[in-house]
Amino acid sequence: MTTPRIEFVPLGSAPRPATGDDLAARVRGLLAASAGSGITGLDGARTTGVLDGSDIESFELDLTGVTFGPQSKPTVDGWASPQVTSRVPATAVRLRLDAHPLTAIDLPVDVTAEAQGIRFAWVEGTDGTVGAQPIEPDHDHPVTGHARVAVDQRGLAGMVRGMLSVALASHGVTLTDLGVDISSQGPRAVSVHASAKVRKGFLGASAEVTASAEIDESMVLVIDDVRLTSPNPLVAGMLAMVRGRVEGMANRRIDLQAALPPGVRLVDVRLDAGEQLVLSARLG
């Protein structure tokens, strides 16, 4: 999976922002205009910016309290680059994103991310608009930074329970209890054990799901050893209808590097599992 490249970020009418407050106001307007119907709370997002000539000395975006629902998808129609009349190279010296927390499908997620040295160009178009056009990093102009994303294990278990309940209900199976435990197996690996109690009609029994996940040296997340079992042969047979879907996740590979914008390099990742599940990363 690769992330679509954003060629142009529209920021209203020309000329380009002259002050940090002007830039912050334009970004808030862009967020409000592009948010999908499943995104709420953006009116409370906080933005601050500091400009130094054409460069952005710093820009901070705080999404604390913003909620992303199950159908959240930003609207980016009209983000195509205009016919250019002028282009001024610039650098975003420091960009920072915070959310303590935001909510994603009922799950609180704590986010801290910071990047330095992002090159771009202020672009003015024949239509009288202005925007930022990213310039891909290279060996002489790398992007550096770090990110941390954390979720509470109990909250994650609650979200999984809700999603699994819906999936099983479509097959006439009721989920009556679910426990999820995620344990660290090294700096980049975790094991997952979930125990569930299910019922169909008058028949009730337990079932277990186990899996492992590891981020390898190539920064690929590998999900493996996925198993869905039950000690009750009748329940095992009943679960056969969903076992293929669950165990089909085995050997799934997610390229974390490909999820980043072109030219941005992921140099280190750590996955920690305690009361919180924490993913931290470093760019270089």
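Sequential numbering from 1 along the given sequence is applied to the chain's residues.
Nearest approach of Leu51 to Pro17, heavy atoms of both residues: CD1-O, 3.5 Å. Closest approach of Ser206 and Ser230 over heavy atoms only: O-OG, 2.6 Å. Ala211 and Val226 make their closest contact through CB-CG2, 3.9 Å (heavy atoms, listed as atom of the first residue, atom of the second, distance). In plain terms, the two heavy atoms of Leu107 and Val151 that are nearest each other are CD2-CG1, 3.9 Å. Nearest heavy atoms, Ala273 versus Ile182: CB-O, 3.4 Å. The two atoms that bring Val130 and Ser13 nearest to each other are CG1-O, 3.6 Å, heavy atoms only.
Note on Val93 and Trp122: separate hydrophobic clusters, where clusters join Ile, Leu, Val, Met, Phe, Trp and Tyr whose side-chain heavy atoms are under 4.5 Å apart, directly or indirectly. Neither Val111 nor Val278 shares a network with the other; the hydrophobic side chains, linked directly or stepwise wherever heavy atoms of I, L, V, M, F, W or Y lie under 4.5 Å apart, form separate groups for each. Under a hydrophobic-cluster definition in which Ile, Leu, Val, Met, Phe, Trp and Tyr are linked whenever side-chain heavy atoms come within less than 4.5 Å, directly or via other members, Met159 and Ile39 are assigned to the same cluster. Cluster membership check: Leu266 does not share its hydrophobic cluster with Val220, using side-chain heavy-atom separations under 4.5 Å among Ile, Leu, Val, Met, Phe, Trp and Tyr. Linking ILVMFWY side-chain heavy atoms closer than 4.5 Å, directly or via other members, places Val190 and Val222 in two distinct hydrophobic clusters.
Side-chain atoms of Thr47 do not come within 3.5 Å of backbone N or O of Leu61 as any donor-acceptor pair. Without hydrogens or angle criteria, Arg28 side chain to Gly44 main chain gives no donor-acceptor distance under 3.5 Å. A donor-acceptor contact shorter than 3.5 Å is absent between the side chain of Thr103 and the backbone of Pro108. Between the side chain of Ser54 and the main chain of Ala90, no donor-acceptor pair closer than 3.5 Å is present. Between the Arg161 side chain and the Thr176 main chain, a donor and an acceptor come within less than 3.5 Å of each other. Without hydrogens or angle criteria, Glu124 side chain to Thr129 main chain gives no donor-acceptor distance under 3.5 Å. No donor-acceptor distance shorter than 3.5 angstrom exists from the side chain of Asp52 to the backbone of Asp55, with no hydrogens or angles considered. The backbone N or O of Leu95 lies less than 3.5 Å from no partner atom in the side chain of Gln116, so there is not a single donor-acceptor pair. A donor-acceptor contact shorter than 3.5 Å links the side chain of Gln257 to the backbone of Val264. With Gln276 contributing its side chain and Gln153 its backbone, the two residues share no donor-acceptor pair below 3.5 Å.
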Stepwise, does the salt bridge (Lys or Arg N to Asp or Glu O under 4.0 Å) test hold for Arg270 with Asp272? CA-CA 7 Å; Arg270 184 178 178 91; Asp272 295 305; 2.9 Å; yes
Test salt bridge (Lys or Arg N to Asp or Glu O under 4.0 Å) on Arg227 and Glu208 and set out the steps. CA-CA 8 Å; Arg227 298 288 184 270; Glu208 292 188 348; over 6 Å; no
Might you work through the side chain to side chain contact (heavy atoms under 4.5 Å, CB included) test for Val123 and Phe8, ending with a clear yes or no? CA-CA 9 Å; Val123 172; Phe8 179 75; 4.2 Å; yes
Determine, step by step, whether Phe59 and Val27 satisfy the side chain to side chain contact (heavy atoms under 4.5 Å, CB included) criterion, reporting the C-alpha distance in whole Å, the side-chain angles of both residues, the deciding distance to 0.1 Å, and the verdict. CA-CA 10 Å; Phe59 189 85; Val27 171; 3.7 Å; yes
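Of the inter-residue distances, the one linking Asp62 atom CG with Thr48 atom OG1 reads 9.0 Å to the nearest 0.5 angstrom. Separating the CG atom in Leu256 from the CG atom in Asp216 is a distance of 8.5 Å, to the nearest 0.5 Å. Once rounded to the nearest 0.5 Å, the distance linking CZ of Phe68 with OG1 of Thr40 reads 9.0 Å. Interatomic distance, CG of Leu31 versus CG of Leu63, reported as 7.0 Å (0.5 Å rounding). The CD1 atom of Ile215 sits 5.5 Å away from atom CG of Leu221, with the distance rounded to the nearest 0.5 Å. Interatomic distance, Leu178 CG to Ser165 OG, rounded to the nearest 0.5 Å: 8.0 Å.
A heavy-atom distance below 4.5 Å is found between the side chains of Ser183 and Gln185. No side-chain heavy atom of Pro137 sits less than 4.5 Å from a side-chain heavy atom of Pro142. Taking 4.5 Å as the limit, some side-chain heavy atom of Val9 sits within range of a side-chain heavy atom of Leu30. Val160 places none of its side-chain heavy atoms less than 4.5 Å from the side chain of Met163. A heavy-atom distance below 4.5 Å is not found between the side chains of Val267 and Leu283. By the 4.5 Å heavy-atom criterion applied to side chains, Thr126 and Pro82 are not counted as neighbours. Using a 4.5 Å cut-off on side-chain heavy atoms (C-beta onward), Thr112 and Leu97 make no contact. Side-chain contact check for Glu214 versus Asp224: every heavy-atom pair is 4.5 Å or farther apart.
Between the side chains of Arg87 and Gln133, at least one donor-acceptor pair of N or O atoms lies under 3.5 Å. No hydrogens or angles considered: nothing links the side chains of Thr19 and Asp21 as a donor-acceptor pair under 3.5 Å. Remark: the His100 side chain and the Asp110 side chain contain an N/O donor-acceptor pair separated by less than 3.5 Å.
Each of Arg96, Arg282, Arg148 was compared with Glu114 under the salt bridge (Lys or Arg N to Asp or Glu O under 4.0 Å) criterion, and only Arg96 meets it.
With a 6.0 Å radius and a threshold of 12 heavy atoms from other residues, nucleotides or ligands, Arg46 has its CZ atom above the threshold. In this structure, Asp177 places its CG atom where more than 12 heavy-atom neighbours from other residues, nucleotides or ligands lie under 6.0 Å away.
Taking the charged nitrogens against the carboxylate oxygens, Arg94 and Glu60 do have a contact shorter than 4.0 Å, which makes a salt bridge.
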